[in-house]
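Every chain is numbered from 1, with letters handed out A, B, ... down the list of sequences.
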Amino acid sequence: MASRFNALKSDAAWQQVWDERRTFAARDDSDKPRTYVLEMFPYPSGRIHMGHVRNYTMGDVLARYRRMTGHEVLHPMGWDAFGMPAENAAMEKGVHPGGWTRDNIATMKAQLKRLGFALDWTRELATCEPDYYGHEQALFLELFRHGLVYRKESSVNWDPVDMTVLANEQVIDGRGWRSGALVERRKLSQWFLKITDFADELLSGLDALEHWPDKVKLMQENWIGKSQGLQFGWSLSDGGNVEVFTTRPDTIFGASFVAVAADHPIAAKLAESDPAVADFIALCKQGGTTAAELETQEKLGFDTGITATHPFDPAWQIPVYIANFVLMEYGTGAVFGVPAHDQRDFEFASKYRLPIRRVVSEGDDTDPDFTAGEAYSGPGTICNSHFLDGMDIEDAKRAVIQRAEDGGWGKGSTVFRLRDWGVSRQRYWGTPIPIIHCDACGAVPVPADQLPVVLPEDVSFDVPGNPLDRHPTWKHVPCPTCAGNARRETDTLDTFVDSSWYFIRFASQPSDKAFDRAVAEKWLPVAQYIGGVEHAILHLLYARFWTRALKHIGMLDIAEPFAGLFTQGMVTHETYYRAKVIRTERPSTADPETIVTESSSIQTWFSPTEIERRDGKAFLIGTDDEVKVGRIEKMSKSKKNTVDPTHIVDQYGADAVRWFVLSDSPPERDLEWSESGIEGSWRFVQRVWRLFDGLTETAGAEGGDKALDRKLHQTIAGIAADIEGLAFNKAVAKLYELVNALERAAPSASRNAAIRTLMLLVAPMAPHLAEEAWAIAGNAGLIADAAWPEVDPALLVDDEVTIAIQVNGKLRDTQTVAKGTAREALETIALANANVQRILDGAAPRKVIVVPDRLVNIVA
RNA sequence: GCGGACGUGGCGAAAUUGGUAGACGCACGGGACUUAAAAUCCCUCGCCCUUUGGGUAUGCGGGUUCAAGUCCCGCCGUCCGCACCA
């Protein structure tokens with residue numbers, strides 16, 4: 001009689017077989033068509049979480065499916081192993097970042113193996129090992145040699161207590177997230193990669209990425225931020241000149257002031273002699289940079305007393321201000337203000353009582369005295385602008401640029417929001433930057449034969465700061481050029497560099513170089529890349545840049561690294577918490593005599609394992625202690641709403657977990673974890689198993705079942721399309737339908753054949769179950785190596801269809817007819833329908849619409 | 001503020017080019033089997049009504065059409081990205 005599918009036993013057995021036979025090792029020399037399926041490699045933070053499970057299951061289904069359809073599939077896995085959490089762990093727990101990272105890798109690798117992913121572990125890599133980052137150093141120096149790397153002073157967020165540089169995200173309310181110390185802006189010499197050289201390419205290259213989500217392309221487009229306009233100089237009354245950039249040269253006759261950034265050289269120079277200017281600059285720098293602060297921050301300006309001469313009218317002078325809203329980092333750090341047509345300029349001009357002059361009008365309203373309460377930035381005709389009058393905006397822009405270029409005082413130019421990529425990190429746990437600083441020779445690349453520059457592991461974290469900086473021996477080396485005393489660069493590379501080329505290293509990993517070009521080009525670009533949308537900008541942009549840079553210097557002839565991109569949703573879970581209101585009293589900042597009471601609430605979070613639900617409420621298990629049910633949020637350690645995949649896998653088996661994360665929610669949307677959901681998946685695995693197991697009882701069944709044959713072939717084709725389209729939830733639904741049909745069907749040869757085919761259909765999703773059934777059914781070889789079933793096109797179409805019979809667009813009945821029934825016949829059937837007759841009540845229809853094989857609509 | 005996405009039963013969701021709304025799953029309810037339970041199987045399941053039938057229904061209000069979840073216009077709401085970008 002029917003047995004149970006023993007997932008634990010079966011999972012282990014088949015995982016061992018796949019391992020021993022190296023079933024999923026990709027062959028570089030294969031004659032088959034190649035497919036490179038890649039999921040974003042994990043950071044080894046400790047244990048895998050459900051997000052990883054979902055991500056890797058999706059890629060796995062596609063990889064296994066492509067194998068079955070005759071592809072040589074590269075589906076590798078590795079570790080994005082450098083980064084700050086390792087250093088934080090080192091400081092908190094006194095462990096070595098390397099030891100901590102490698103332990104985590106071992107744990108997480110075992111967890112991934114437990115899920116039976118079809119990964120080529122022979123290509124496993126960890127970015128923290130010299131045999132990876134050494135090649136990265138060589139690539140970095142290659143870019144250096146080609147002028148794509150440079151060094152420049154740049155300001156950073158410096159935590160004076162931890163003696164380290166902080167990323168913007170690590171600065172909270174102006175304080176270091178860990179130390180709580182007030183963060184300083186500090187100028188440091190840092191290494192930059194010239195990503196801006198590729199700004200145009202990276203932008204235009206997006207068009208060719210047909211298999212990328214529009215959303216991600218748009219985000220990258222906005223991030224690159226291309227603006228076209230005019231750059232020109234205003235001559236100043238003090239004899240100087242200020243360059244400005246504008247996207248609206250057409251409004252040049254509406255100018256009423258020039259404004260420069262607080263850190264603009266003009267402001268700095270004035271500050272030297274005028275303390276009032278210095279005070280104003282200091283005031284500007286005080287303001288926070290958070291979104292909320294910027295929103296409410298008042299526009300502040302300081303009239304320098306200098307005036308600027310209008311380029312089209314030497315007699316026209318406008319004032320030059322220092323203004324807090326002008327950014328030094330964008331454009332030229334100076335703008336001219338057109339209050340009538342720019343809201344920000346409007347606010348500024350209103351405050352400082354500067355003229356607001358209309359130069360773009362809608363219709364015939366060309367009154368130069370602008371009275372509306374806000375700036376007008378819409379379309380219109382130029383007015384009050386001398387030679388531009390009557391032109392539309394675009395013509396006027398061209399006309400002004402033309403005159404500026406002819407007159408030699410300005411030129412059309414393009415400005416990008418994208419900045420060069422600063423890659424220096426004052427951190428230990430990263431790729432050492434392979435540069436040696438010599439007082440005589442400057443920054444000298446480490447010679448190729450001295451690579452890799454190995455990160456020393458004999459370091460301690462008992463003193464704040466970068467341990468490389470105080471390492472007794474590692475830091476001091478002779479200069480490769482003059483052999484004099486020199487120092488190693490102690491900064492390490494941003495970990496985004498590590499992840500900018502790992503997909504190339506997966507494709508080809510010779511020991512003597514980063515990759516073999518010919519082999520890498522066989523596999524690249526990645527056919528399908530899958531990962532979280534949080535990487536939509538930085539990682540994906542950097543990887544695109546790195547690949548283009550390699551192409552530019554002739555190392556690899558691939559422009560875009562990822563032909564297909566899919567961003568999957570998060571795995572979420574309810575949160576459970578108890579809120580405690582904390583009241584604190586402190587003297588008011590405005591008036592120290594007054595005591596202010598501040599209340600804030602602190603949440604204590606509870607793990608789902610501590611909670612039981614009763615009558616829609618949540619209680620701590622075994623008690624009447626009620627806790628609040630919070631929002632459904634991304635599983636995170638801080639909210640304690642995580643579910644450890646390993647416990648679930650041990651309880652239900654790998655296939656049930658895989659099935660669950662593919663079910664129900666469309667993969668791009670968030671998936672809410674639920675206990676009943678995983679139980680449902682487990683029940684399905686058992687139902688399928690009973691079908692497989694029952695084959696022996698119906699072995700002798702004979703006869704065909706045309707309806708079932710059709711269902712089977714429609715399912716084969718449907719699932720194939722769904723997997724190719726990464727619509728796993730739909731593939732899952734189709735499998736449920738087929739299983740429902742098989743359970744209901746009477747024994748027949750068709751049914752037996754369909755059940756055997758079902759093994760192949762579930763194989764990408766539930767591979768352990770499929771292998772087990774495949775073996776018991778007496779098939780030779782592994783189902784992992786089997787071919788995807790052929791579809792009989794004749795069975796894809798039904799010979800009967802159900803048509804809708806409508807009156808005035810409302811469904812009144814349905815009728816099953818032979819497929820392809822003629823329009824006239826359908827009309828006759830519909831008009832003869834009892835319901836139709838009753839509704840028409842003898843009246844003649846005004847019109848009859850017939851859509852063959854679909855419906856008849858009678859317009860009464 | 002700018003840009004984008006989304007809005008369908010109690011819940012997750014399906015629904016080719018506009019053509020039978022709610023496939024499939026979860027939950028709930030009823031039943032069978034069982035001494036009992038688990039497991040399994042069967043049935044019901046958008047809402048409303050005068051229930052072999054009818055009305056109504058895809059955030060709200062309009063429109064186009066024989067026909068609208070799908071197309072157009074205007075609102076409302078939720079989420080995401082960017083943000084003083086010149």
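No donor-acceptor contact under 3.5 angstrom links the side chains of A:Glu668 and A:Gln568, judged on distance only. Looking only at atom types and distance, the side chain of A:Arg846 has no donor-acceptor partner in the side chain of A:Asn808 under 3.5 Å away.
Between A:Phe336 and A:Phe245, a ring centre-to-centre spacing not shorter than 6.0 Å is recorded.
Between A:Lys819 and A:Asp798, none of the side-chain N atoms (NZ, or NE/NH1/NH2) sits under 4.0 Å from a carboxylate O, so this pair counts as no salt bridge. A salt bridge between A:Lys397 and A:Glu394 is present, with a side-chain N of the basic residue lying under 4.0 Å from a carboxylate O of the acidic one.
B:G4 and B:G53 have their P atoms separated by 49 Å, given to the nearest Å. Separating the C1' atom of B:C6 from that of B:G29 is a span of 33 Å, rounded to the nearest Å. Going from the C1' atom of B:G63 to that of B:U70 covers 15 Å, rounded to whole Å. Comparing B:C26 with B:U35, their P atoms sit 28 Å apart, to the nearest whole Å. Only the P atoms considered, B:C47 is 7 Å distant from B:G10, to the nearest whole Å. B:C43 and B:C80 have their P atoms separated by 43 Å, given to the nearest Å. Distance check on atom C1': B:G69 versus B:U20 gives 14 Å, rounded to whole Å. When the C1' atom is compared between B:C45 and B:G31, the two are found 15 Å apart, to the nearest whole Å.
In this structure, the nucleotide among B:G12, B:C24, B:A39 sitting nearest to the side chain of A:Arg4 is B:A39. Set against B:C85, B:G25, B:G19, the side chain of A:Val851 has B:G19 as its closest nucleotide. For A:Tyr736, counting side-chain heavy atoms from C-beta on, the closest listed nucleotide (B:A13, B:C66, B:G25) is B:G25. Listed nucleotides B:G19, B:G54, B:C84 differ in distance to A:Asn324; the shortest reach to its side chain belongs to B:C84. Nearest to the side-chain atoms of A:Asn729 among the listed nucleotides B:U40, B:A67, B:A13 stands B:A13. Checked against B:C24, B:C26, B:G19, the side chain of A:Glu737 finds its nearest nucleotide in B:C24.
For A:Arg344 and B:C85, the shortest distance from a side-chain N or O to OP1 or OP2 is below 4.0 Å. Residue A:Lys810 has no polar side-chain atom (N or O) positioned under 4.0 Å from OP1 or OP2 of B:G54. In this structure, A:Arg669 reaches the B:A13 phosphate: one of its side-chain N or O atoms is under 4.0 Å from OP1 or OP2. At B:G4, none of the side-chain N or O atoms of A:Asn222 fall inside 4.0 Å of OP1 or OP2 (strictly under the cut-off). Between A:Arg690 and B:A39, a side-chain N or O to OP1/OP2 separation shorter than 4.0 Å is absent. A close approach under 4.0 Å does not occur between any side-chain nitrogen or oxygen of A:Arg854 and OP1 or OP2 of B:U17. Note on A:Thr247: every side-chain N or O is 4.0 Å or more away from OP1 and OP2 of B:C85.
Note on A:Thr802: a base of the nucleic acid sits closer than 4.0 angstrom, heavy atoms only. Residue contacts for A:Asn740: at a heavy-atom cut-off of 4.0 Å it reaches the sugar-phosphate backbone alone, with no base atom in range. Within the nucleic acid shown, A:Arg838 comes within 4.0 Å of sugar-phosphate atoms alone, with no base atom in reach, counting heavy atoms only. Counting non-hydrogen atoms under 4.0 angstrom, A:Glu679 reaches nothing in the nucleic acid. Looking at heavy-atom distances under 4.0 Å, A:Val859 makes contact with sugar-phosphate atoms alone, never a base. Note on A:Asp214: nothing from the nucleic acid sits closer than 4.0 angstrom, heavy atoms only. Among the protein residues, A:Val732 comes within range of no part of the nucleic acid, since none of its heavy atoms lies under 4.0 Å from any strand. A:Thr814 comes within contact range of at least one nucleobase, with a heavy-atom separation under 4.0 Å.
Between the side chain of A:Lys730 and the base of B:C24, no donor-acceptor pair under 3.5 Å is found.
Shown here are the ring pair (Phe, Tyr, Trp, His ring centres under 6.0 Å) partners of A:Phe728, two or more places apart in sequence or in another chain: there are none.
By the 30° and 60° cut-offs, the orientation of the rings of A:His535 relative to A:His539 is perpendicular.
Nearest-nucleotide positions on RNA chain B for A:Val533 and A:Ile803 put A:Ile803 closer to the 5' end. Take the nearest nucleotide of RNA chain B for A:Arg744 and for A:Leu218: the residue whose nucleotide is more 5' is A:Leu218.
B:A86: no Watson-Crick or G-U partner with both key distances under 3.5 Å is found in any strand. Judged by Watson-Crick or G-U wobble contacts below 3.5 Å, the nucleotide B:G77 has B:C6 as its partner. Under the Watson-Crick or G-U wobble criterion, with both distances below 3.5 Å, B:C66 is paired with B:G19.
For the pair A:Arg417 and A:Trp223, the cation sits on the ring face: its NZ or CZ lies under 6.0 Å from the ring centre, inside 45° of the axis.
In this structure B:G9 sits in the syn conformation; its chi angle is within 90° of 0.
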